[in-house]
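Any value given below was found using the heavy atoms of this structure, including those in side chains, with hydrogens, waters and symmetry copies removed.
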Amino acid sequence: MEFIKITGAREHNLQDVSLSIPRGKLVVITGVSGSGKSSLAFDTIFAEGQRRYMESLSAYARQFVEKIDKPDVDSIEGLSPSISVDQKTFQRNPRSTVGTITEIYDFLRLLFARIGKPYCYKCGVEISAQSLDKMVERVSSLGKGEKISIYSPIVQGRKGEYRKELEELRSEGYLRVRINGDIYDLDEEVSINKNKKHTIELLVDVAVIRSENMAERIRESLQIALKRSGGVAVVESEKGEQFTFSDKFACPQCGMSYPEISPRLFSFNSPYGSCKACHGIGTNSFCDPELLIDPDLSISDGAIIPWRNSSYFKQIIDNVSEYYGFSLTTPFNKLPAKIKKIIVYGSGDEEVMFYKERKGRVLKYWETYSGVLGITSQWFKETESPEIREKLSQYMRTSTCTVCDGSRLRKEALSIFVEDKSIYDFAMMPVENALEFFTNLKLKGRDEVIGERVIKEIKSRLRFLDDVGLSYLSLDRSAPTLSGGEAQRIRLATQVGSKLTGITYVLDEPTIGLHSRDNLRLIETLKSLRDSGNSIIVVEHDEETIRNADFVVDIGPGAGEKGGEIVSAGGVVNLTQNKSSLTGGYLSGGLEIVLPKSRRKPKGHISIKGAVEHNLKNIDVDFPLGVFTCVTGVSGSGKSTLVIDTLYNALSRSIYNSKELIGKHKKINGFKNIDKVLNVEQSPIGRTPRSNPATYTGLFSPIRDLFSMLPQANARGYKPGRFSFNVSDGRCSVCGGHGTEKIEMHFLPDVYVTCERCGGSRYNSETLEIKYNGKSIADVLDMTVSEAHKFFKNVPNLKSKLEVLEAVGLEYIRLGQAATTLSGGEAQRIKLSKELSRRDTGNTIYILDEPTIGLHFDDVRKLLLVIQELTNKGNTVIVIEHNLDVIKCADHLIDMGPEGGEAGGQIVAQGTPEKVSKVKGSYTGMFLKKILANKKSSKGSH
């Protein structure tokens with residue numbers, strides 16, 4: 001079949017959509033935010049493709065995978081297996097890096113294990129195979145009277161029961177083995193958990209070194225151990241010293257032996273390769289005294305923040321205060337320095353008298369006091385409660401591991417080299433540098449034969465990362481530090497490398513976070529996937545991507561319930577000629593975001609001197625106040641480091657006494673008159689059905705307060721909590737405030753049906769009897785923002801919040817709409833509206849990080865109106881952005897680059913968009929020059 005034929009799609013706001021999408025083509029689904037693009041692409045096409053694959057599995061296999069609901073669609077024909085490459089399903093495990101996600105690091109491990117040259121990390125000389133004579137000599141040198149045990153490693157860190165191996169050892173007459181550090185007699189029944197990793201060592205001999213005549217016995221025992229294990233023997237002295245001998249690798253000078261050089265030695269996710277101090281994370285967490293103590297409070301008022309409301313910790317600090325004679329009611333910052341040091345860091349070797357009451361008796365005992373720092377750190381390490389760990393993590397900071405210096409690996413792994421570079425040297429390289437190195441690498445002889453295929457795979461994957469605009473990333477970059485756009489493009493590069501055919505790929509705005517310079521390279525990557533025989537469906541607003549599509553589906557005409565219809569389906573020309581399409585209007589030039597007539601003049605500057613955090617190159621930069629500033633530049637050029645890590649954190653520290661670490665710099669000045677700073681982050685709002693626009697924006701609390709003040713509510717004694725579906729008093733007792741009931745269908749997906757008791761309203765009948773102007777609390781939650789704005793026009797605090805939601809283009813969403821049904825663009829603008837609805841003073845700095853994510857051309861226009869209005873009131877707006885329509889409307893630009901990563905971190909251009917467009921070395925200027933030449937100027941002024 002040449003088409004994916006969809007009939008009767010009704011998922012979310014889709015209006016019974018029927019559509020035929022060509023297979024084997026690059027298809028773009030576009031439309032205003034909230035029109036139903038993701039509902040069609042992800043919740044219908046991808047969900048059905050995945051569901052059908054899962055249905056093909058056996059009933060036994062299906063019980064181990066997440067159940068997938070059938071989309072609300074009559075039929076889909078011509079659907080091939082589907083893969084979603086979005087931004088939400090990306091794993092944020094700190095053990096994952098760019099190298100492990102793309103499997104480049106796996107190939108590096110294999111390369112180093114096969115052709116790496118080991119060197120002694122103590123002496124620096126190359127390690128070669130150890131002779132048996134040298135081993136005997138080393139053991140004998142332990143001295144007379146030393147008791148030694150000689151082991152042969154049979155199994156090292158592998159899962160299984162190993163009954164056969166143990167029985168074999170027993171039949172050969174051996175008596176004992178050491179399993180995971182414990183000695184077992186072989187004539188006993190040894191039970192091993194097959195699901196856990198085990199180390200099994202055969203005890204070959206136990207001897208006491210009495211004379212030189214012992215050498216022959218040691219030789220024989222070592223020979224047996226080496227033969228049994230395939231070349232490795234372990235000798236342990238009574239003092240606890242352990243020596244690993246290998247007939248393959250050992251230092252000729254100091255005798256230091258290497259473990260088996262295999263790929264797992266280079267894995268920081270394996271106990272055999274990871275640094276023992278940080279366990280392969282590369283960082284260590286520690287309690288920061290600044291975060292633990294509020295110095296303005298006394299201890300009795302809660303100066304020790306994590307110990308507040310705890311009778312256990314109160315008893316400890318009461319005993320310490322009694323022993324050292326200080327008052328718990330004195331503010332912490334007024335206590336003597338010696339006492340403050342004892343409270344935080346402990347008593348050292350000095351023992352403190354503690355009292356403990358047990359069964360009516362007071363027990364006295366002496367013990368050292370570990371301090372708030374030590375006790376809280378121990379609490380964090382030992383607790384098994386995820387909630388407590390999450391709570392305590394806010395008092396922790398991370399620092400680079402001092403043992404492995406952030407490499408995550410044991411020192412033996414870091415002492416194996418290929419062309420004078422360790423595996424960590426490669427991991428630290430930006431993708432473009434690593435690609436250049438491997439392209440120019442010339443191996444010889446045996447190494448060339450072994451390494452040829454591995455290097456080919458490494459180069460191929462590095463090239464794919466380069467093609468999707470990620471040349472600035474290093475392979476050791478941790479997954480949690482990646483943006484949504486970077487994470488999605490990494491997954492895209494991995495899929496390109498897999499070389500699958502006949503797949504339907506569904507992508508969610510892959511151009512997010514990508515500079516215009518890199519867009520065409522990404523589009524070429526998508527086309528190469530298409531040319532390999534795959535169908536590519538992209539949800540996208542980017543003009544360049546839409547123009548390069550083979551087929552464009554425009555959904556609209558509006559958003560929410562006003563959308564969900566097919567406005568246009570066909571080629572780009574078909575879209576531009578469609579007069580009812582907003583997207584077509586902007587592509588054809590009939591509609592546009594006009595330039596401001598004039599640029600504002602700053603009323604002052606915040607100056608940053610000598611910024612050097614991450615890749616910043618000791619830069620000096622001025623942020624003008626009272627104007628709209630855009631910070632631009634290619635991905636990885638240092639925009640977020642400058643604006644968020646340095647400027648925002650410094651302002652937060654000054655204004656709110658924030659504890660966030662400030663990016664390294666020499667001096668910041670010029671913000672004396674700034675009294676407020678707000679950072680609208682990219683992180684999404686809560687993704688649970690109980691979270692909704694009303695709860696997130698703070699609308700729900702005043703609405704509940706309003707209902708609780710009604711005469712009927714007062715007469716019944718109802719408090720605001722009665723009108724929350726999260727509190728048992730007012731919510732439906734059958735569905736627990738969910739509005740739906742889950743019906744388990746065993747091997748079929750669970751079915752959610754509307755609750756019969758409350759009819760989906762979430763509340764019990766008594767609560768619904770309370771009405772404001774004829775509407776119950778459930779009726780209010782079912783209103784759109786536009787309807788609620790009219791309904792609450794006489795309630796000022798509600799009216800103002802609803803006006804902001806309307807201003808950012810969210811007039812169609814319902815107040816009680818579950819967060820799980822909101823599109824990415826909607827979620828971002830809800831967060832933005834929450835920040836914008838807060839009172840501004842005219843001296844507020846607003847920082848927005850790529851606010852155009854998920855926004856259509858027309859939504860960008862609405863967003864710019866809000867930004868311009870904020871700036872007109874005298875506030876400062878600083879936006880990190882790639883969108884040229886936003887950039888061209890700014891009063892001032894700070895363009896960073898020239899490239900990403902180490903080749904970035906410099907100021908390339910500053911000034912008005914017109915000035916920056918004339919700077920030859922600026923990529924942003926190059927694209928601005930084209931857009932400024934084609935755009936008209938607005939007739940009005942600011």
Side-chain angles (χ1 to χ4, degrees), residues 301-302 308-309 560-561 685-686 688-741 754-808 810-822 830-831 833-840:
D301 289 334
R308 288 172 181 168
N309 304 318
E561 293 179 359
I685 69 171
T688 67
R690 287 191 180 276
S691 180
N692 56 51
T695 57
Y696 187 81
T697 58
L699 276 166
F700 202 31
S701 292
I703 288 172
R704 290 189 289 117
D705 290 341
L706 184 65
F707 270 83
S708 69
M709 289 188 287
L710 294 172
Q712 195 177 358
N714 270 324
R716 296 187 183 186
Y718 289 172
K719 303 296 182 189
R722 177 82 192 196
F723 301 95
S724 170
F725 48 75
N726 293 322
V727 178
S728 58
D729 289 349
R731 71 188 181 195
C732 171
S733 58
V734 175
C735 66
H738 289 284
T740 58
E741 290 182 81
T754 302
C755 176
E756 291 183 4
R757 173 73 64 84
C758 67
S761 70
R762 300 180 169 207
Y763 293 95
N764 57 36
S765 57
E766 292 82 3
T767 306
L768 295 175
E769 287 171 3
I770 309 299
K771 295 190 177 181
Y772 173 74
N773 288 346
K775 300 288 184 182
S776 69
I777 187 76
D779 295 331
V780 169
L781 288 175
D782 199 42
M783 289 179 180
T784 64
V785 168
S786 182
E787 291 167 348
H789 186 207
K790 293 173 187 174
F791 187 73
F792 291 114
K793 62 183 178 183
N794 297 321
V795 186
N797 61 338
L798 290 175
K799 182 185 174 186
S800 61
K801 290 179 186 292
L802 291 163
E803 281 175 345
V804 177
L805 281 166
E806 283 192 325
V808 295
L810 292 174
E811 68 280 350
Y812 59 89
I813 64 168
R814 298 194 177 276
L815 299 187
Q817 188 173 335
T820 49
T821 65
L822 295 168
I830 286 170
K831 189 163 191 176
S833 74
K834 180 182 178 180
E835 299 297 349
L836 296 181
S837 65
R838 292 174 175 168
R839 186 178 62 86
D840 68 81

Residues that Arg716 engages under salt bridge (Lys or Arg N to Asp or Glu O under 4.0 Å), provided they are two or more places apart: Glu769
Spacing of CZ belonging to Phe725 relative to CZ belonging to Arg704, to within rounding of 0.5 Å: 9.0 Å
Closest contact, heavy atoms only, Asn692 versus Leu815: OD1-O, 3.4 Å
Which donor-acceptor pairs under 3.5 Å do the side chains of residues 772-780 make with protein atoms, sequence neighbours left out?
| unit_1 | atom_1 | unit_2 | atom_2 | d |
| --- | --- | --- | --- | --- |
| Ser776 | OG | Ala778 | N | 3.4 |
| Ser776 | OG | Asp779 | N | 3.2 |
| Ser776 | OG | Asp779 | OD2 | 3.1 |
| Asp779 | OD2 | Ser776 | N | 3.0 |

Euclidean distance, His738 NE2 relative to Asn726 CG, rounded to 0.5 Å: 9.0 Å
Result of checking Ser708, Ser701, Pro702 against Pro720 for side-chain contact (heavy atoms from CB on, under 4.5 Å): Ser708
Side-chain (Tyr696) to main-chain (Ser691) donor-acceptor, under 3.5 angstrom: no
Shortest non-hydrogen contact between Phe707 and Ile770, atoms and distance: CE2-O, 3.6 Å
Ser724 side chain to Gly721 backbone, donor-acceptor under 3.5 Å: no
Arg814 (side chain) donor-acceptor with Asp782 (main chain) under 3.5 angstrom: yes
Point-to-point distance, once rounded to the nearest 0.5 Å, from SG of Cys758 to OH of Tyr763: 10.5 Å
Backbone N/O of Gly302 and side chain of Arg308: donor-acceptor pair under 3.5 Å: yes
Sidechain-backbone polar pair: Arg731 side chain, Arg762 backbone, donor-acceptor under 3.5 Å: no
Sequence neighbours excluded and cut-off under 3.5 Å, please list the side-chain donor-acceptor pairs for residues 797-807, or say none.
| unit_1 | atom_1 | unit_2 | atom_2 | d |
| --- | --- | --- | --- | --- |
| Ser800 | OG | Pro796 | O | 3.4 |
| Ser800 | OG | Asn797 | O | 3.2 |
| Glu806 | OE1 | His789 | ND1 | 2.8 |

Check: Thr697 side chain, Pro693 main-chain N or O, donor-acceptor pair, under 3.5 Å: yes
Closest approach of Leu768 to Lys771 (non-hydrogen atoms, all atoms of both residues): O-CE, 3.7 Å
Gln817 side chain near Thr784 side chain, heavy-atom distance below 4.5 Å: no
